[in-house]
Amino acid sequence: MNLRRDVFQAIADPTRRSILMLVAAQSMTAGAIASNFDTARPTVSKHLQILTECELLRSEQNGREIIYHLNPNKMKEIADFIEPFRNMWDEKFNKLESVMKAFQNLKKE
């Protein structure tokens, strides 16, 4: 049974987000990734499997090692989804800032 994993469920896990941050800085092997965590290597391997199934990471066989790379196209899909929310909050904070400045100006008078 091949279940399609949801990318947002994948990034909901803090360990997987940490893995993405590591691999975003530099492509790494599973062992190198696992060395950054205090969990068992099979646990990290399961996280890598989930991130690969969601296409957030892609793997490349290099001899006996598998090197994991960030998939920027899939990360852009997430960023594109989040962008309208970011814009909405920017507008709200800009309005709040305007109100606060107006209030401070009133206090000065």
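Residues I50 and M75 are members of separate hydrophobic clusters, defined by side-chain heavy-atom contacts under 4.5 angstrom among Ile, Leu, Val, Met, Phe, Trp and Tyr. A single hydrophobic cluster is seen to contain both I66 and L20, as judged by linkage of ILVMFWY side chains at heavy-atom distances under 4.5 Å, directly or through other members. Under the 4.5 Å side-chain heavy-atom criterion for grouping Ile, Leu, Val, Met, Phe, Trp and Tyr, F85 is connected to V7 within one hydrophobic cluster.
The distance from atom OG1 of T15 to atom NE2 of H47, rounded to the nearest 0.5 Å, is 4.5 Å. Note that CD1 of I19 is 10.0 Å distant from CE of M28, once rounded to the nearest 0.5 Å. Between the OG1 atom in T43 and the CG atom in L48 there is a gap of 11.0 Å [rounded to 0.5 Å]. Between atom CD of residue E83 and atom CE of residue M88 there is a gap of 12.0 Å, rounded to the nearest 0.5 Å. In this structure, D90 CG and E97 CD are separated by 11.0 Å, a value rounded to the nearest 0.5 Å. From L70, atom CG reaches atom CE of M21 across 10.0 Å, with rounding to the nearest 0.5 Å.
Side-chain N or O atoms of N71 include one that pairs as donor or acceptor with a backbone N or O of E55 at under 3.5 Å. Formation of a donor-acceptor pair under 3.5 Å by the D13 side chain with backbone atoms of Q9 is not found in this model. No donor-acceptor distance shorter than 3.5 angstrom exists from the side chain of R16 to the backbone of I11, with no hydrogens or angles considered. E77 places no side-chain N or O within donor-acceptor distance of the main-chain N or O of A79, the cut-off being under 3.5 Å. Remark: the backbone N or O of A12 is paired with a side-chain donor or acceptor of R17 at under 3.5 angstrom.
Summarising the local packing, CD of E65 is surrounded by 12 or fewer heavy atoms from other residues, nucleotides or ligands at distances under 6.0 Å.
Among all heavy-atom pairs drawn from C54 and K74, the shortest one is O-CE, 3.1 Å. T39 and V44 make their closest contact through OG1-CG2, 3.5 Å (heavy atoms, listed as atom of the first residue, atom of the second, distance). Nearest heavy atom pair, residue L22 against residue I33, reads CD1-O, 4.4 Å. Of all non-hydrogen atoms in R41 and G31, the two that sit nearest each other are NH2-N, 3.5 Å.
Ionic pairing of K76 and D80 is present here: one or more N-O contacts between side-chain nitrogen and carboxylate oxygen are shorter than 4.0 angstrom. Salt-bridge formation is not detected for the pair E91/K95: no Lys NZ or Arg NE/NH1/NH2 atom is positioned less than 4.0 Å from an Asp or Glu carboxylate oxygen.
The closest side-chain heavy-atom distance from L51 to V23 is not below 4.5 Å.
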